[in-house]
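Single-structure report; data block below.
Letters A, B, ... mirror the listed sequences (proteins, then strands); counts begin at 1. Keep in mind that what you see is a predicted model, and the values were worked out from it rather than measured.
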Amino acid sequence: MKTKYCIGIDIGSTCAKTVVLSQDKSVLLQLLQPTGWSSVDTAEDIRRRLESAGFPIEGGAAVATGYGRVSVPYADKCVTEITCHGRGACHIYGADQLTVIDIGGQDTKIIRIENGAVSDFLMNDKCSAGTGRFLEIMANTLAVRPEELCSMAAEGGGVSISSMCTVFAESEVISLIGRGEKRENIAFAVVDSIVKKVSSQAGRMAGGQGAVCLTGGLCGYPYLRQSLSDALGCEVRTAEDGRYAGAMGAALSALALEKQQSAEK
Amino acid sequence: MSDYVSMWKDLGMDLESHDLLCQVLPTAVGDVFLTQENRPKGMDFWDLVISEVHGIRPKELIEEQKKGRKVFGTFCVYVPDEVILAANGIVTGLCGGSQFWVPGGEAVLPKSTCPLIKASVGARLGRTCPFFRIADMYVGETTCDGKKKAYEILGEDVPMYVMDVPQMKREKDILKWKDEIAAFAQKVEEFTGNTITVEKLNEAIRVINEKRKALARVYNCRKAACLPISGRDALLMMQISFFDDPVRCAQMCNKLADELEQRIADGVSVVPAGTKRILVTGTPLAVPNWKLHNIIETSGGAVVCEEMCTGTRYFENLVDETQTTLEGQFMALSQRYMKTNCACFTPNTGRIDDILRMVKEYQVDGVIDCSLKFCCLYDTEKYGVSRALKEAGVPVLSLETDYADTDAEQLRTRIGAFIELLNG
Ligand code: SF4
Ligand code: SF4
C-alpha cells in the first residue's frame with residue numbers, strides 16, 4: 001500500500017476543519033482554522049500546514065467536503081457535507097443508528113442514519129434562522145461572544161423572539177435592549193428561538209431509532225445541548241470531537257476511496 | 001436572431017429589454033444541453049427551435065394569423081386543445097419559466113406568488129416575449145388562487161376567457177366540466193368565426209391523440225434499463241411540444257422515438273451503467289427552466305421521468321375517438337381531462353398512485369419532489385407523497401425552489417447528498 005494516512009477537509013462557512021486518519025482509523029492530526037474570505041486561500045493554507053506536520057498531500061488520499069469543497073483543487077474527490085457528517089458521527093459516537101443534528105455556520109442539517117448509512121436528511125432553506133450565523137449575529141448585537149451568550153441564556157427566561165427571520169429577529173433584539181430587558185433574558189430568547197426552529201425541523205424526522213447527537217461548531221455549548229434535549233424530550237449527546245464530524249467523515253471517505261482504488265488495481 | 005427584429009418591433013415588443021433576455025439564453029442552452037455527450041441525433045430539431053425560440057415559431061404563428069387563423073394562449077393542461085383546433089385555431093402554451101420576467105410580475109403581484117405566475121404576468125406586461133404578444137386570446141382556468149387573480153390583471157391588457165375547473169372529481173364534476181367545454185367551444189366559435197362540427201372535432205381529437213401517443217413513445221424509451229436519452233433532452237422536447245404545431249410535434253417525437261428504440265436495441269446509453277434513476281414530480285417546469293434537471297444530471301443522477309404537467313400529465317390518457325355527436329365528444333373530452341391528477345383537486349390520491357406506478361415502470365431508484373416557491377398546493381401534497389414513498393421503501397427528497405440561481409449551490413448539496421445516499 002502506497003500510503004499510511006487519509007485526509008479529510010471540511011471547509012465550512014465559518015471554520016475549516018481538517019482530520020488525518022491512519023489506516024486503522026485513529027486520529028493522527030486535527031486542524032481548525034477560520035475559513036476567512038477565500039476558501040481557495042484556506043485550502044492552500046491547509047495544504048502547507050499538512051506538509052509541515054509531516055502529512056504531505058501527495059502521501060494520502062484526500063476528500064473535501066463543506067460548502068467550500070469545490071475550492072480544494074488537490075482533493076481526490078468531493079463528497080457532500082451531509083454524507084460526511086453522517087459517516088463522521090457514526091464513527092465518533094460508535095453507533096450505526098443515529099439522528100445527527102448539525103448546527104453549522106450557515107445551515108442546519110438533520111441526518112438520519114440507519115445501518116451505518118444516511119437514510120434521510122433535512123436541511124434548512126435559504127434563511128439563517130436556527131443556524132450558527134443567527135447566534136453570531138445576535139451575540140454581536142448583545143456585544144458578547146456566542147459562547148457567553150449561551151451561558152448567559154441559562155440564567156434568563158420569560159422573553160421570546162417571535163420572528164424567524166434573522167433580520168427581523170435582530171430588530172426585535174434591539175428593541176428588547178432599548179426596553180431595558182435584562183441581557184440574560186434576551187440571551188435566553190435567542191437560544192430558545194434556535195432550539196425551537198431546530199427541534200421543529202428534527203420533529204419532521206421523528207420516529208427514528210438510536211441516539212440523537214449534536215455535531216458542528218455549537219456542540220461545545222452545554223446550555224444549548226440541554227435546551228435541545230428538553231425540547232426534543234430525549235437526551236442529546238455531544239462529543240468533544242463533534243465539530244470535526246464532517247472532516248472525519250471526509251477522511252473516512254478518503255479511506256474507502258483508497259481501498260476501492262487499490263482493489264481496482 | 002437578428003432577422004426577426006422587425007417582426008418583434010411590429011409586435012410592439014420592448015426591444016431593449018428583449019436584447020438582454022436574448023443574450024443570456026444561448027449561454028444557458030450551451031451549458032445545459034450542448035455540453036452533453038452522445039446525444040440522440042433527433043435532438044437537432046429541438047436544439048434549433050430553442051436556439052431561435054423567439055423567432056422560428058412566432059414567425060409561423062404570424063403567417064397563420066395573416067391567413068385569418070386565431071392564436072389562443074393557454075396556461076394549464078386542463079384547457080382542451082382539441083376544441084381550439086376544431087375551430088381552426090392554434091394553441092400556444094404561455095407559462096413563463098425565466099427569472100428574467102419575475103421582477104415585472106412582482107411589480108403588480110404580491111411577492112409571495114409562485115414564480116410561474118409572476119414570470120407569466122411579467123412576460124406580458126414587460127412586452128419581452130413574442131408568444132405573449134402574438135396570442136389573440138388568453139384562456140385561463142380556475143385552478144389555483146394565484147392564477148385566478150393574475151388572470152384578472154392580465155385580462156385588463158388582453159382578451160381573456162376563463163374556464164371554471166372543478167375542484168373535485170365526482171360524477172357531477174365531470175358533467176360540469178363537460179358543460180364548461182361546451183361553453184368554451186361556443187366562445188371559440190364566436191372568436192374564430194368558424195363552426196365546430198362533429199367531423200372537425202373528431203379530426204382534432206385524433207390529431208391531439210397522435211401527439212400524445214408520440215410523446216408517450218419517447219417516454220416509453222426512458223423506461224429501458226439502457227437509458228437512450230437524458231432527462232434534460234426529454235424535458236426540452238416536452239417543453240417545446242407546448243407551443244409547436246401538433247402534427248409536426250408528433251412527427252418529430254416519433255422520429256426521435258425510432259432512434260431511441262434503435263439505441264435500446266443496440267445497447268447505447270447516455271449514462272454509465274448503475275447511474276441512479278430519478279423520477280421528478282411536482283410543479284411544471286416551464287421553458288427555459290432547466291435548473292433542476294441540470295443539477296441532478298451534473299451530480300451523477302439521471303432523470304428518467306417527470307410526473308408533471310410538463311411530463312406525463314400532458315400525454316397520459318387518450319380521448320375516445322368513437323363519439324358521433326358533439327355532446328358525446330364533449331363528454332369524452334371531459335372524461336379524459338378529468339383523469340389528470342393536479343394538486344388543485346381534492347382529494348388527489350390519484351397522483352400518489354401515479355407516482356408509485358411510475359416508480360415501477362421507469363425502474364426508479366429515488367424520487368425528487370420539487371415544488372415552486374409559494375405553491376401551497378404542491379407543497380402541501382409533499383407530505384402525503386413522501387409518506388407513501390417511504391412506506392413503499394422508495395427514497396424521496398423534497399425540495400422547494402424558484403427561478404433564481406441563488407440557491408443553486410444549496411440544491412447541489414442536497415441533490416448530491418441524495419444521490420450519494422442512493423449510491424450507498
Ligand atoms: S399543475 Fe395543475 S394548474 Fe398547473 S398546469 Fe398542471 S393541471 Fe394546470
Ligand atoms: S405552480 Fe402552484 S401556485 Fe404556481 S401556477 Fe401552478 S398550481 Fe398555481
Top contributor to chain B interface from Ile111(A), Val70(A), Ile82(A) [non-hydrogen pairs under 4.5 Å]: Ile82(A)
Is there a side-chain contact between Phe121(A) and Arg414(B), using heavy atoms and a 4.5 Å cut-off? yes
Of the listed Cys84(A), Gly86(A), Ser119(A), Cys78(A), the one with the largest count of heavy-atom pairs under 4.5 Å with chain B is Ser119(A)
Rounded to the nearest 0.5 Å, what separation is found between the CD atom of Glu81(A) and the OG1 atom of Thr413(B)? 4.5 Å
Taking side chain as everything from C-beta outward and backbone as N, CA, C, O, which of these in Leu399(B) sits under 4.5 Å from a heavy atom of chain A? Side chain, backbone, both or neither. neither
Chain B contact via Val79(A) - which portion, at a heavy-atom distance below 4.5 Å: both
Within 6.0 Å of NZ in Lys77(A), more than 12 heavy atoms from elsewhere: no
Acceptor/donor pairs from residues 416-424 of chain B side chains to any protein atom, 3.5 angstrom cut, sequence neighbours excluded:
unit_1, atom_1, unit_2, atom_2, d
Glu420(B), OE1, Thr80(A), N, 3.4
Glu420(B), OE1, Thr80(A), OG1, 2.7
Glu420(B), OE1, Thr83(A), OG1, 2.3
Glu420(B), OE2, Thr80(A), N, 2.9
Asn423(B), ND2, Ile419(B), O, 3.3

Write down the atom of Asp120(A), the atom of Val396(B), and the distance for their closest heavy-atom approach. OD1-O, 4.3 Å
